[in-house]
Amino acid sequence: MKFRLAEIEVSDDDPFKHDSLQREDVVEFVGNLIKQLEGPFVLALDSPWGTGKTTVVNMLRAVLKKDEYTTVYFNAWKEDYVSDPLIPMVAVIDDIKIEQAGVFQQRMAKVKKVVSTVAKRGLVAGVKVGTMGVLDLDKVQEDVLSNESGKAAEDLIESFKKEKRSLETFRETLEDAVQAIGEGELQRPLVFFIDELDRCRPSFAIELLERVKHLFDVKNIVFVLSVDKKQLEAITAAVYGERIDALEYLRRFIDLDFSLPLPHTKAYTRELIKRFDLKDFFEARRKHSSLAYDHDHFVEAFTLLAATFDLSLRVRERCLTRLAVVLMQTPDDHYLDPIVLSLLIVLRLKRLDLYEGLISGVTAPQDFMETLRSIPTSRKFFESRFAKSLEAYLIIGDVISERSQQLLKQAEEFSKLSPDTEKGRRARTLLEMSRTVGGDWGRDFSLKHVANKVDLSARIGDLL
């Protein structure tokens with residue numbers, strides 16, 4: 001049993017071996033798109049946080065490597081402790097290993113000589129912070145004349161010219177170095193992947209985009225940014241204020257964006273159970289007839305509820321961490337109640353207000369089910385076999401026992417008085433489900449008991 005997962009392994013020989021989300025077609029499409037691009041170019045792969053963008057990037061790198069493309073990977077979030085992204089960006093290129101390394105290394109030596117000059121935050125950097133990347137020489141002149149002598153103004157202009165020459169020299173030497181990577185008949189661009197940009201501190205993220213646009217805008221470099229565009233827009237607003245047109249601002253840096261499709265599959269839930277080493281627990285339960293389908297019921301119910309509440313892949317992992325803690329508290333021959341367990345795990349993490357209302361008894365089972373039904377993405381759940389089972393669980397396990405008994409009594413009356421109406425059929429189904437959950441198995445199901453285990457798992461899970 002595990003409580004934290006390592007990254008999905010992506011091998012160069014078989015990039016999709018451990019892909020449970022069936023992303024091969026998408027990766028192949030994006031890979032073929034990249035192969036059509038000529039640098040300078042910036043492609044953005046857009047998908048919300050926690051939806052597996054890093055795995056897609058690793059698959060893309062493996063696919064491109066098969067066609068002899070050179071790629072580099074830059075985790076922006078891991079580098080945002082430095083003041084300027086330029087230095088680590090050059091460092092990751094300098095680490096490239098190629099067969100004919102002599103010429104490349106010589107040219108990179110020239111890049112490294114000039115990069116320290118460029119990285120110094122001089123006139124251009126200072127003015128760009130306040131002008132969104134546009135150098136306003138009128139503003140420079142006005143500031144200088146109001147505070148300095150004419151000689152100081154001349155010195156300032158000369159400093160600007162020197163820095164501009166340094167920028168041009170950097171681009172020229174970088175272009176020469178990149179040219180050496182793929183020289184020959186099959187000249188291919190360097191594909192520079194930037195990941196986790198939307199997790200960086202705002203100033204670092206914006207400055208990195210500025211560096212890509214103004215310093216790395218050279219032949220034979222194709223940048224691929226994996227981002228959550230909505231989060232990137234929020235970062236832009238945090239730096240430049242809410243009044244900025246963040247989307248229009250970002251268009252200055254991104255030539256083309258592609259939205260990755262969001263995966264919602266049972267296969268991913270099964271894969272998580274496997275990766276958390278939980279299969280043995282479920283296999284042991286197959287010996288008991290009343291527990292034999294716990295695995296299948298959890299997979300189906302959890303997948304439907306995760307889609308209903310729009311859980312990212314990262315949040316689904318956290319849910320399975322909490323499941324692991326619950327299983328640790330549950331003997332192999334004890335009831336797991338996977339349908340209600342999956343609901344409580346999801347609610348406890350995603351909608352604490354609904355969770356607390358249900359567990360405290362403030363929210364009646366029927367009211368909760370109506371609230372759940374009102375969620376636009378709940379349709380598939382209510383079309384499944386689990387909706388009626390869940391309602392029965394919630395009524396039987398209601399913390400207010402008098403209300404539970406009253407609801408069951410009403411269902412008994414409806415099933416007798418109006419057997420052929422929709423309410424009558426629903427009441428009869430509810431009674432059948434409630435007998436399965438409770439009396440026929442000779443046990444007293446308690447919603448609170450399941451919730452106590454989920455609460456404990458949340459206390460542990462929040463630290464992981």
Side-chain angles (χ1 to χ4, degrees), residues 290 294 297-298 300-309 311 319 322 326 335-419 421-455 457-458:
S290 59
D294 278 3
H297 288 170
F298 179 85
E300 292 185 52
F302 175 76
T303 302
L304 288 166
L305 289 165
T308 296
F309 288 94
L311 302 190
C319 287
R322 297 186 177 187
V326 170
Y335 291 106
L336 185 64
D337 302 307
I339 300 171
V340 71
L341 175 61
S342 60
L343 172 74
L344 295 183
I345 288 176
V346 170
L347 289 181
R348 184 67 170 75
L349 192 58
K350 186 70 173 180
R351 288 293 304 272
L352 188 58
D353 58 329
L354 294 180
Y355 176 89
E356 291 179 340
L358 190 60
I359 299 308
S360 66
V362 171
T363 304
Q366 317 99 297
D367 294 336
F368 174 82
M369 293 302 292
E370 286 305 312
T371 299
L372 188 61
R373 190 185 295 274
S374 69
I375 299 175
T377 48
S378 69
R379 181 178 59 83
K380 286 188 177 180
F381 177 78
F382 278 94
E383 290 175 352
S384 75
R385 55 181 171 157
F386 297 111
K388 292 184 175 64
S389 295
L390 178 61
E391 186 176 16
Y393 267 112
L394 297 184
I395 290 174
I396 291 292
D398 192 352
V399 295
I400 301 178
S401 57
E402 296 83 359
R403 183 169 60 194
S404 174
Q405 294 302 316
Q406 183 180 2
L407 287 173
L408 292 174
K409 186 177 180 180
Q410 289 176 354
E412 188 80 41
E413 293 173 355
F414 269 119
S415 66
K416 292 178 179 178
L417 296 176
S418 308
T421 65
E422 176 61 30
K423 284 188 176 181
R425 287 190 292 269
R426 183 178 175 183
R428 188 165 57 252
T429 301
L430 175 60
L431 289 171
E432 292 171 357
M433 292 287 184
S434 65
R435 292 189 186 103
T436 302
V437 171
D440 287 353
W441 288 350
R443 70 177 181 123
D444 184 17
F445 169 72
S446 169
L447 185 65
K448 190 66 176 177
H449 175 70
V450 181
N452 286 339
K453 292 192 286 187
V454 173
D455 282 337
S457 74

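Nothing fancy with the numbering, it's 1 onward along the sequence.
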Expected output: side-chain Arg351 to main-chain Phe309 donor-acceptor under 3.5 Å: no
Partner residues of Lys453 under the side chain to side chain donor-acceptor pair (under 3.5 Å) criterion, sequence neighbours left out: Thr330
Min side-chain heavy-atom separation Leu447-Tyr393 under 4.5 Å: no
Within-4.5 Å side-chain heavy-atom neighbours: His297 and Arg385: yes
Non-neighbouring partners of Ser342 that pass side chain to side chain contact (heavy atoms under 4.5 Å, CB included), sequence neighbours left out: Phe298, Ala301, Phe302, Leu305
Spacing of CG belonging to Leu394 relative to CG belonging to Leu343, to within rounding of 0.5 Å: 6.5 Å
Test item: Ser457 side-chain N/O and Val454 main-chain N/O as donor-acceptor pair under 3.5 Å: yes
Minimum side-chain heavy-atom gap Val326-Arg322 below 4.5 Å: no
Euclidean distance, Thr303 OG1 relative to Leu311 CG, rounded to 0.5 Å: 10.5 Å
Pairs satisfying side chain to side chain donor-acceptor pair (under 3.5 Å), at least one member in residues 354-363, at least two apart: Tyr355-Asp455
Inter-residue atom distance Asp294.CG - Asp337.CG, 0.5 Å rounding: 8.0 Å
Side-chain donor/acceptor of Ser404 to backbone N/O of Ile395, under 3.5 Å: yes
By side chain to side chain contact (heavy atoms under 4.5 Å, CB included) - contacts of Arg373 (at least two apart): Glu370, Phe382
Results of side chain to side chain contact (heavy atoms under 4.5 Å, CB included) for Ser401 - residues two or more places apart only: none
Which residues share a side chain to side chain contact (heavy atoms under 4.5 Å, CB included) with Thr308, sequence neighbours left out: Leu372, Ile375, Thr377, Ser378, Phe381
Point-to-point distance, once rounded to the nearest 0.5 Å, from CE of Met369 to CG of Leu358: 10.0 Å
Partner residues of Glu383 under the side chain to side chain donor-acceptor pair (under 3.5 Å) criterion, sequence neighbours left out: Arg379
